[in-house]
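Structure, as structure tokens:
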Amino acid sequence: MKWRYSIPALLFLGLGGIFYFTLTKIGRGTLDVREIPSPLIGKAAPHFALPSLLEPSDLIDSNVWRGQSYLLNVWGSWCEGCKEEHSTLIALARVAGVPLIGMAWKDDHASARAMLTELGNPYSVVVADDAGRVAIDFGVYGAPETFLISADGIILAKHVGVMSDTVWRSTFAPKITNGASR
Amino acid sequence: MSTGLLQRLTLACALLVSVGCFAIDTEAAFTDTNQQARYEHLTQELRCLVCQNQSVADSNAPLAGDLRRIVREMIEHGDTDQAIRHFMTDRYGDFVLYDPPLTARTYLLWAAPILLVLMTVGVAVRNIVRRSRMALSPDFREPGSRS
């Protein structure tokens with residue numbers, strides 16, 4: 001019955017192993033413990049009608065993208081991660097094959113416009129969500145967040161945090177089929 | 001200890017405590033006390049998603065302020081507590097609730113304390129039974145007893 005004395009040691013080693021693998025994943029950035037799985041994936045994207053950031057008199061209704069899939073990127077000029085991913089978005093907008101819609105989340109319009117002038121504008125349209133109410137409908141809790149919405153208005157993918165080539169290739173690209181997904 | 005020092009220490013402690021008394025929620029209270037109680041209860045049980053260790057009531061993150069406003073509007077509109085919780089979980093999932101519901105994904109979380117108690121009781125009962133058997137066996141000798 002001597003083997004039983006090694007049980008605590010084995011449990012300790014097992015626990016240590018779990019900690020080791022999880023912490024290395026966090027260290028490499030492949031696991032984000034703060035990320036909250038969205039209940040909205042596979043569900044209908046919320047409808048919105050918001051003014052355009054660049055043409056404030058235009059009201060943009062999300063129904064204009066019916067029958068066409070699109071990307072929605074929630075950003076703000078106050079958000080450091082958004083500046084970080086901006087060059088990736090500019091590159092992606094060219095190759096994605098679907099329109100990239102920007103949503104300026106609780107941002108000052110002048111500084112949002114200034115950021116697009118300075119860093120370039122990857123978006124086909126930018127809407128301004130000043131009250132942050134539409135962002136809440138999308139379950140947004142931290143910019144930048146990026147959504148892929150299918151032609152029939154279903155949220156296919158979501159990423160919280162800086163968009164990268166790796167995330168794009170693993171989470172978004174496989175769900176876009178020849179520009180007119182599903 | 002001199003009384004002067006004691007008084008100064010007491011004052012310092014009181015000042016330290018008062019730091020925690022800044023109002024996070026600056027909106028006016030409901031005129032209806034029942035609605036106010038529901039509002040306070042709901043915002044306490046919702047988790048702020050930005051600073052994940054604070055409730056929506058305690059957080060000064062802008063998103064928490066927006067969520068408080070939605071809770072307030074929904075209460076004023078006559079929505080039930082259940083409807084308000086639904087509104088939040090539809091958008092943010094069960095994570096937004098400090099008290100997660102019992103579902104297929106959370107049953108282990110809920111069952112773990114019961115399982116641990118059962119395991120402990122099981123091991124304890126087995127050890128007690130074994131020891132009393134040893135004590136009853138004819139060739140058992142109390143430690144230190146002479147034969």
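Lettering follows sequence order; numbering is per chain, from 1.
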[X], [atom1]: over 12 other non-hydrogen atoms inside 6.0 angstrom:
| X | atom1 | answer |
| --- | --- | --- |
| A:H47 | NE2 | yes |
| B:N127 | CG | yes |
| B:Y98 | OH | yes |

Handout entry: Region of B:Y92 in contact with chain A, defined by heavy-atom distances below 4.5 Å
Key = both
Handout entry: Segment of B:D94 engaging chain A (4.5 angstrom heavy-atom cut-off)
Key =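 Contact with chain A involves no heavy atom of B:D94 at all.
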Problem - Trace of the side-chain contact (heavy atoms from CB on, under 4.5 Å) decision for B:L67 with A:Y141 - result: CA-CA 11 Å; B:L67 293 179; A:Y141 61 94; over 6 Å; no
Going hydrophobic residue to hydrophobic residue with side-chain gaps under 4.5 angstrom, can you get from [X] over to [Y]?
| X | Y | value |
| --- | --- | --- |
| A:L119 | A:L116 | yes |
| B:L116 | A:L15 | no |
| A:F48 | A:V64 | yes |

Completion exercise
So CD1 of B:I70 and CG of A:D137: to nearest 0.5 Å the spacing works out to 7.5 Å
Problem - Minimal non-hydrogen separation, A:P39 against B:G93, with atom names - result: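 Nearest pair, atom of A:P39 first, then B:G93: CG-N, 3.2 Å.
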Problem - Salt-bridge present (B:D66, A:K106; N to O < 4.0 Å) - result: yes
Problem - B:L63 and A:V140: CA distance, side-chain angles, deciding distance, side-chain contact (heavy atoms from CB on, under 4.5 Å) verdict - result: CA-CA 9 Å; B:L63 181 66; A:V140 169; over 6 Å; no
